[in-house]
Amino acid sequence: MIVPKIKSMLKTNGIFLKIYMSHLKDDPIASFSYSLVKKLNSNYNGASASIKDLTTHYFDNPHMDSFIVDIPFTKEKWHGRIMASRGVMASMNSELLVEFENEHFNYLSTLPDEFTIKHKVFLTYYYMN
């Protein structure tokens, strides 16, 4: 496990920062993209594994904070981000991938070349004594 190695590298009064970032479900572009993923891949369960990791603490006395940020994307970068998700390339067969790409590109063609996607950034600080 990596946690003992991290703990051994931290100096007294050192800080380990865990960062998790996720798009907001009410962002219309992200909402469409992930609805399409779910439509074609009914086994996709979103960020459940990440949420579990976010709430599992391997260090004592976690300090948590979060904030909202607009992250800029182009059509190509957003498509690449979605393709890299567990619900697409990691779990769709080649026929579903083609269907996903066609529908996703069709939707993206209606958008401006550049846009932002709202994300929530979660920070968890652990202080080593």
Side-chain angles (χ1 to χ4, degrees):
M1 181 180 247
I2 190 81
V3 174
K5 289 181 181 184
I6 293 170
K7 286 181 177 181
S8 72
M9 293 187 311
L10 284 175
K11 297 178 181 179
T12 301
N13 299 320
I15 300 172
F16 178 72
L17 173 64
K18 182 168 67 171
I19 301 172
Y20 171 75
M21 184 169 55
S22 180
H23 70 278
L24 294 180
K25 300 216 183 288
D26 62 352
D27 183 280
I29 297 171
S31 178
F32 175 88
S33 297
Y34 281 96
S35 292
L36 179 58
V37 172
K38 188 67 176 167
K39 175 181 132 184
L40 298 176
N41 183 358
S42 61
N43 293 325
Y44 177 66
N45 62 359
S48 61
S50 299
I51 297 299
K52 180 180 179 196
D53 184 59
L54 180 65
T55 58
T56 300
H57 301 290
Y58 304 101
F59 297 84
D60 295 331
N61 302 316
H63 302 274
M64 300 179 79
D65 198 2
S66 65
F67 58 92
I68 308 277
V69 63
D70 286 327
I71 303 212
F73 285 93
T74 61
K75 294 175 187 182
E76 294 79 20
K77 288 181 180 178
W78 179 248
H79 182 72
R81 163 66 185 88
I82 299 304
M83 289 292 290
S85 75
R86 289 180 298 110
V88 183
M89 288 186 74
S91 57
M92 286 186 185
N93 64 37
S94 58
E95 291 172 6
L96 286 176
L97 277 174
V98 168
E99 187 176 349
F100 175 82
E101 285 201 294
N102 289 339
E103 287 191 47
H104 202 237
F105 278 133
N106 185 46
Y107 170 70
L108 291 174
S109 71
T110 68
L111 301 176
D113 290 337
E114 296 181 4
F115 49 86
T116 61
I117 304 286
K118 287 200 178 304
H119 283 69
K120 188 167 188 177
V121 179
F122 299 88
L123 305 173
T124 308
Y125 305 84
Y126 302 97
Y127 297 93
M128 293 300 294
N129 297 323

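What you are looking at is a predicted structure, and each value in this text was computed from that prediction instead of being measured.
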**Test side chain to side chain donor-acceptor pair (under 3.5 Å) applied to E99 - qualifying residues, sequence neighbours left out** = none
**Item:** Qualifying residues under side chain to side chain donor-acceptor pair (under 3.5 Å), relative to S91, sequence neighbours excluded
**Value:** N41
Distance-only check: which donor-acceptor pairs under 3.5 Å involve side-chain atoms of residues 27-36, not counting sequence neighbours?
{"unit_1": "D27", "atom_1": "OD1", "unit_2": "I29", "atom_2": "N", "d": "3.1"}
{"unit_1": "D27", "atom_1": "OD1", "unit_2": "A30", "atom_2": "N", "d": "3.1"}
{"unit_1": "D27", "atom_1": "OD2", "unit_2": "K118", "atom_2": "N", "d": "3.1"}
{"unit_1": "S33", "atom_1": "OG", "unit_2": "I29", "atom_2": "O", "d": "3.2"}
{"unit_1": "S33", "atom_1": "OG", "unit_2": "W78", "atom_2": "NE1", "d": "2.8"}
{"unit_1": "S33", "atom_1": "OG", "unit_2": "H104", "atom_2": "NE2", "d": "2.7"}
{"unit_1": "Y34", "atom_1": "OH", "unit_2": "R81", "atom_2": "NH1", "d": "3.3"}
{"unit_1": "Y34", "atom_1": "OH", "unit_2": "R81", "atom_2": "NH2", "d": "3.3"}
{"unit_1": "S35", "atom_1": "OG", "unit_2": "S31", "atom_2": "O", "d": "2.8"}

Calculate, to the nearest 0.5 Å, the distance between atoms [atom1] and [atom2] belonging to [X] and [Y] respectively.
X: D70; Y: I117; atom1: CG; atom2: CD1; value: 9.0 Å
X: E76; Y: E114; atom1: CD; atom2: CD; value: 9.5 Å
X: H23; Y: I82; atom1: NE2; atom2: CD1; value: 7.0 Å
X: Y127; Y: H63; atom1: OH; atom2: NE2; value: 5.5 Å
X: I15; Y: Y126; atom1: CD1; atom2: OH; value: 13.5 Å

**Item:** Pair listing, salt bridge (charged side-chain N to carboxylate O under 4.0 Å, His left out) test, anchored in residues 34-43, at least two apart
**Value:** K39-E103
Counting C-beta onward and ignoring hydrogens, is there a side-chain heavy-atom pair between [X] and [Y] closer than 4.5 Å?
X: F115; Y: K75; result: yes
X: F100; Y: M83; result: yes
X: Y44; Y: V88; result: no

Are [X] and [Y] grouped together when hydrophobic residues (ILVMFWY) are joined by side-chain heavy atoms under 4.5 angstrom apart?
X: M89; Y: Y107; result: yes
X: V98; Y: L40; result: no
X: I19; Y: F67; result: yes
X: I71; Y: I68; result: no

**Prompt:** For the residue pair T124 and P62, what are the closest heavy atoms and their distance?
**Reply:** CG2-CB, 3.8 Å
**Message:** Would you say NZ of K77 has more than 12 non-hydrogen atoms from neighbouring residues, nucleotides or ligands within 6.0 angstrom?
**Reply:** no
**Message:** Under the rule for side chain to side chain contact (heavy atoms under 4.5 Å, CB included), what residues qualify as partners of N93, not counting sequence neighbours?
**Reply:** E95, L96
**Message:** According to ring pair (Phe, Tyr, Trp, His ring centres under 6.0 Å), who are the partners of Y125, at least two apart in sequence or on a separate chain?
**Reply:** none
